[in-house]
Amino acid sequence: MATIQPILHVPDVDATLRYYRDVLDFTVDYVLPDETGRTIHAELNWRGADLMLAPTDTLSPVARSLLGAGVILYLTDPNGDIDTFYECVRERGAQIVDPIKTQEWGHRTFTVSDPDGYRLMFAAPVQAPGPSVVAD
């Protein structure tokens with residue numbers, strides 16, 4: 001089975017890692033320090049969804065200016081209690097961009113913005129999707 005593992009470039013990998021672990025309930029699977037002890041790579045997981053972190057200092061100035069632009073990471077937990085999770089991350093201080101609501105496609109979702117400006121939409125199916133049209 002193919003997988004997709006986004007790499008988020010961030011100014012301070014350790015600070016971002018703590019936020020994802022402590023506020024958004026990600027587990028830390030792997031941390032790679034450089035010879036000075038600074039973290040240069042981290043692998044995180046949220047209920048089966050993998051995510052990697054890397055420092056921005058390896059990017060060109062143009063690439064750094066585009067980080068997170070136009071991308072929302074959509075994380076789905078088919079068995080999760082999304083309302084309880086929403087309250088938990090809200091109480092922990094997550095910046096809620098879009099409050100929790102049920103979408104027409106049958107998922108209950110909310111969106112947060114992390115300290116580096118990346119947006120994550122958390123979702124759980126709660127009802128059958130509405131009628132749709134499939135293109136030929």
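Residue numbers run from 1 in the order of the sequence given.
- We find the OG1-CG distance between Thr109 and Leu120 to be 12.5 Å, quoted to the nearest 0.5 Å.
- Between Gly80 and Ala124, the shortest heavy-atom contact is O-CB, 4.0 Å.
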Tyr19 and Asp114: side chain to side chain donor-acceptor pair (under 3.5 Å), yes or no, with the steps?
CA-CA 8 Å; Tyr19 175 83; Asp114 79 4; over 6 Å; no
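- With rounding to the nearest 0.5 angstrom, the CD atom of Glu87 is 11.5 Å from the CD1 atom of Ile82.
- Side-chain heavy atoms closer than 4.5 Å link hydrophobic residues (I, L, V, M, F, W, Y) into clusters, and following such links, even through other members, never connects Leu17 to Leu32.
- Looking at Arg38 and Asp57, a side-chain N of the basic residue comes within less than 4.0 Å of a carboxylate O on the acidic one, giving a salt bridge.
- Of the inter-residue distances, the one linking Ile4 atom CD1 with Asp50 atom CG reads 11.0 Å to the nearest 0.5 angstrom.
- Neither Ile40 nor Met52 shares a network with the other; the hydrophobic side chains, linked directly or stepwise wherever heavy atoms of I, L, V, M, F, W or Y lie under 4.5 Å apart, form separate groups for each.
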Could you walk me through whether Asp83 and Arg108 pass side chain to side chain contact (heavy atoms under 4.5 Å, CB included), step by step?
CA-CA 8 Å; Asp83 289 276; Arg108 191 148 170 81; 3.0 Å; yes
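- With values rounded to the nearest 0.5 angstrom, Leu51 atom CG is found 9.5 Å from Asn45 atom CG.
- Placement of Ile100 and Val112 within a single hydrophobic cluster is found when ILVMFWY residues are connected by side-chain heavy-atom separations under 4.5 Å, directly or transitively.
- Closest of all the heavy-atom pairs between Ala94 and Leu24 is CB-CD2, 4.4 Å.
- For the pair Phe26 and Glu43, the minimum side-chain heavy-atom distance is 4.5 Å or more.
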Please report, to 0.1 Å, the donor-acceptor pairs under 3.5 Å made by any side chain of residues 64-76, with sequence neighbours excluded.
| from | atom 1 | to | atom 2 | distance (Å) |
| --- | --- | --- | --- | --- |
| Arg64 | NE | Thr56 | O | 3.2 |
| Arg64 | NE | Leu59 | O | 3.1 |
| Arg64 | NH2 | Leu59 | O | 2.6 |
| Ser65 | OG | Val62 | O | 2.7 |
| Tyr74 | OH | Trp105 | NE1 | 3.0 |
| Tyr74 | OH | His107 | ND1 | 2.7 |

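- Counting only heavy atoms from C-beta outward, the side chains of Val10 and Tyr20 never approach each other to under 4.5 Å.
- When the salt bridge (Lys or Arg N to Asp or Glu O under 4.0 Å) test is applied to Arg92, the partners found at least two apart in sequence or on another chain are Asp25.
- Between Pro125 and Pro78 the shortest heavy-atom distance is CD-CA, 3.7 Å.
- Taking all atoms of both residues into account, the shortest heavy-atom contact from Thr39 to Ala42 is CG2-CB, 4.5 Å.
- In summary, the side chains of Thr16 and Asp116 do present a donor paired with an acceptor at a separation below 3.5 Å, with no hydrogens or angles considered.
- Going from atom OG of Ser113 over to atom CG of Asp98 covers 10.5 Å, rounded to the nearest 0.5 Å.
- Hydrophobic clustering places Leu44 together with Val89 (ILVMFWY residues linked when any side-chain heavy atoms are closer than 4.5 Å, directly or through intermediates).
- No donor-acceptor contact under 3.5 angstrom links the side chains of Thr111 and Arg119, judged on distance only.
- Met121 and Val97 are not part of a single hydrophobic cluster, where members link through side-chain heavy atoms under 4.5 Å apart.
- Using bins of under 30°, 30° to 60° and over 60° for the plane-to-plane angle, the ring pair Phe85/Phe110 lands in the tilted bin.
- Take Asp77 and apply the salt bridge (Lys or Arg N to Asp or Glu O under 4.0 Å) test, not counting sequence neighbours, and it matches Arg47.
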